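Below you'll find the structure, written out as structure tokens, and then a few comments.
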Amino acid sequence: MNPNMHPDIAKRPIFRYLILLTFAAAMAQQGWISLYTNFAVDVVHVTGQQTGVVHAMREVPGLLSVGVLLCLMVMTEHTLVALSVLTLGIGVVLTGFFPTFHGLVLTAVIMSFGFHFYESTVQSLTMQYFNTIETPPVMGKIRSATAAGSLVVGIAVFVLSSFVSLHWLFCVAGSAAVIGGVWGLLQRHDASGMPVQRRKMIFRSRYMLYYVLYFLSGARRHIFGTFSIFLLVSRFHFSVREMLLFFILNNAINWFLNPLIGKAINSFGEQKLLLLKYGVLAFIFWTYSTTDSRMIVAVLYVVEQLFTNFSMAIRTFFQKIADPKDIAPSAAVGQTINHISAVILPLAGGALWMIDYRIPFWIGIGVAVLAFFASLRINPALRRAAAA
């Protein structure tokens, strides 16, 4: 079967709905990521330990992603994803109004509730509406929309940063998600023929490899999201505009390559992509801990961002082994498991950074090695079975 996305998929209302909400959410999320570190360091004057606390608290809503199941008792997943995008936007808009450490924590938590509930619900809806052959290229398109939204806001913030303060830049980025969320709440959807999802926590032994991979993905992701960026700003002194150029470059590359990664999952299988990803990331974390070159860390940051996108293979692997009725609850449980490490690592890593900045990256090497060996347990025959 052709691994490319069938042309009629792009015409489905649910595809357009997910793409547009993803684009809006990405503008707000990337706006926060682009601005947060410089805002925290230059305006709020946080320490390495405090930034670890902020990032750890930001991940608490991810740890509470099972709350999605409670929300689904009173609303549809379509409503929840739009409401989550709206909440994300509000949190980002408010960030610049509270230029204190406690203000950073408060607004990060609000923003994060929106982002993590959105992330869990988009993942669930994608796997429910599209089959195992369609899902990888669809996820690639969704990740491409994420990159496109991030690219747009990156360019906008880069241009506006010479004229307006960080306070108003947060407002610009967050407003995109507020508008997108309101639009999403006004849409109507046809859910006929979809499998009825279980409205309780699902934890099955046959999903254990998925849980392990998702747990390690959370650990790896937050070493990157917290300490790679902090390394560039605090140790190598990259400015706001330089960091924005990084984000613009990363998202331009991701906008182009993410659909190809989705197709590669169908062509080569989840195992091969994840093995490549974790092998490369182990090398990157080792280099972060040894180099004094500004140019080298800049190049590796771009490469690291690219291989981060291979994580969609964990989700497509799960879809191939899952009971269709377990998609929504398992997506929520997976997010919670993903964020157990995400809450612990920024706190521990922030404290360890104060001893030696290299320690969080040494931990990252260990995480990448563990994930590499876990990926070896993925059955390569799943790709052949899905295509049959």
Side-chain angles (χ1 to χ4, degrees), residues 9-33 61-62 64-65 67-95 107 109-130 134-135 138-153 156 170-197 199 251 255 258 312 315 327-329 331-332 335:
I9 293 177
K11 298 178 182 177
R12 298 182 195 176
I14 188 63
F15 178 80
R16 293 195 298 268
Y17 182 74
L18 295 176
I19 289 292
L20 289 173
L21 284 182
T22 295
F23 184 86
M27 288 189 68
Q29 176 74 359
Q30 184 63 51
W32 188 91
I33 292 172
L64 301 176
S65 290
V68 166
L69 302 178
L70 297 176
C71 296
L72 294 181
M73 293 180 180
V74 296
M75 67 182 73
T76 68
E77 286 184 85
H78 307 85
T79 299
L80 178 57
V81 71
L83 189 61
S84 299
V85 172
L86 175 61
T87 304
L88 164 61
I90 291 171
V92 174
V93 167
L94 291 176
T95 302
T107 53
V109 168
I110 294 171
M111 177 272 295
S112 184
F113 264 111
F115 174 76
H116 286 103
F117 278 39
Y118 145 81
E119 183 88 351
S120 179
T121 312
V122 164
Q123 175 183 335
S124 171
L125 287 172
T126 301
M127 290 189 286
Q128 289 177 60
Y129 273 92
F130 303 97
E134 295 170 338
T135 293
V138 168
M139 283 191 173
K141 287 290 186 182
I142 289 174
R143 293 297 291 262
S144 183
T146 299
S150 301
L151 180 61
V152 169
V153 78
F170 279 114
C171 291
V172 170
S175 295
V178 171
I179 294 169
V182 171
W183 171 83
L185 290 171
L186 299 176
Q187 307 304 303
R188 296 294 178 264
H189 305 276
D190 179 13
S192 59
M194 303 303 298
V196 178
Q197 298 295 295
R199 296 295 193 254
N251 286 302
W255 171 73
N258 268 319
M312 72 176 80
R315 299 173 183 178
I327 295 295
Q335 281 278 48

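Given the structure is predicted, the values throughout are model-derived calculations rather than measurements. Only this structure's heavy atoms are used, side chains among them; waters, hydrogens and symmetry mates stay out.
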Sub-4.5 Å side-chain heavy-atom contact between Gln30 and Asn251: yes
Of all the heavy-atom pairs spanning Ala26 and Ala145, show the shortest one and how long it is. CB-O, 4.4 Å
Name all residues meeting the side chain to side chain donor-acceptor pair (under 3.5 Å) criterion together with Thr135; count only those two or more places apart in sequence or in a different chain, and write none if there are none. Gln319
Return the set of residues passing salt bridge (charged side-chain N to carboxylate O under 4.0 Å, His left out) with Arg12 (not counting sequence neighbours), or none when no residue passes. Glu134
Side-chain atoms of residues 79-88: list all donor-acceptor pairs with protein atoms under 3.5 Å, sequence neighbours left out, distances to 0.1 Å.
residue : atom : partner : partner atom : Å
Thr79   : OG1  : Thr76   : OG1          : 3.1
Ser84   : OG   : Leu80   : O            : 2.7
Thr87   : OG1  : Leu83   : O            : 3.0

Not counting sequence neighbours, list each pair that qualifies as a salt bridge (charged side-chain N to carboxylate O under 4.0 Å, His left out) and has a residue in residues 117-129. Glu119-Arg315
Classify the ring geometry of Tyr118 against Phe115: parallel below 30°, tilted from 30° to 60°, perpendicular beyond 60°. tilted
What are the two closest heavy atoms between Glu77 and Ser124, and how far apart are they? OE1-OG, 2.7 Å
Specify the closest pair of heavy atoms between Ala28 and Gly174, including all atoms of both residues, with the distance to one decimal. CB-CA, 4.1 Å
Taking atom OG of Ser120 and atom CG of Leu72, what is their separation to the nearest 0.5 Å? 8.5 Å
In sequence, state the C-alpha distance, the side-chain angles, and the governing distance for Thr126 and Ile142, and then conclude on side chain to side chain contact (heavy atoms under 4.5 Å, CB included). CA-CA 9 Å; Thr126 301; Ile142 289 174; 3.4 Å; yes
Keeping to residues at least two apart or across chains, list the side-chain hydrogen bond (donor to acceptor under 3.5 Å, both in side chains) pairs with something in residues 144-153. none
Roughly how far, to the nearest 0.5 Å, is the OG1 atom of Thr22 from the CD atom of Gln29? 12.0 Å
Would you give me the side-chain donor-acceptor pairs under 3.5 Å for residues 13-20, sequence neighbours excluded?
residue : atom : partner : partner atom : Å
Arg16   : NH1  : Lys11   : O            : 2.7
Tyr17   : OH   : His78   : O            : 2.8
Tyr17   : OH   : Gly184  : O            : 3.4

Ignoring hydrogens, what is the shortest heavy-atom contact between Val153 and Ala173? Give both atom names and the distance. CG2-CB, 3.9 Å
Closest approach of Asn258 and Ala147, non-hydrogen atoms and distance? ND2-CB, 4.5 Å
Where do Gly31 and Phe170 come nearest, in terms of heavy atoms and distance? O-CE2, 4.5 Å
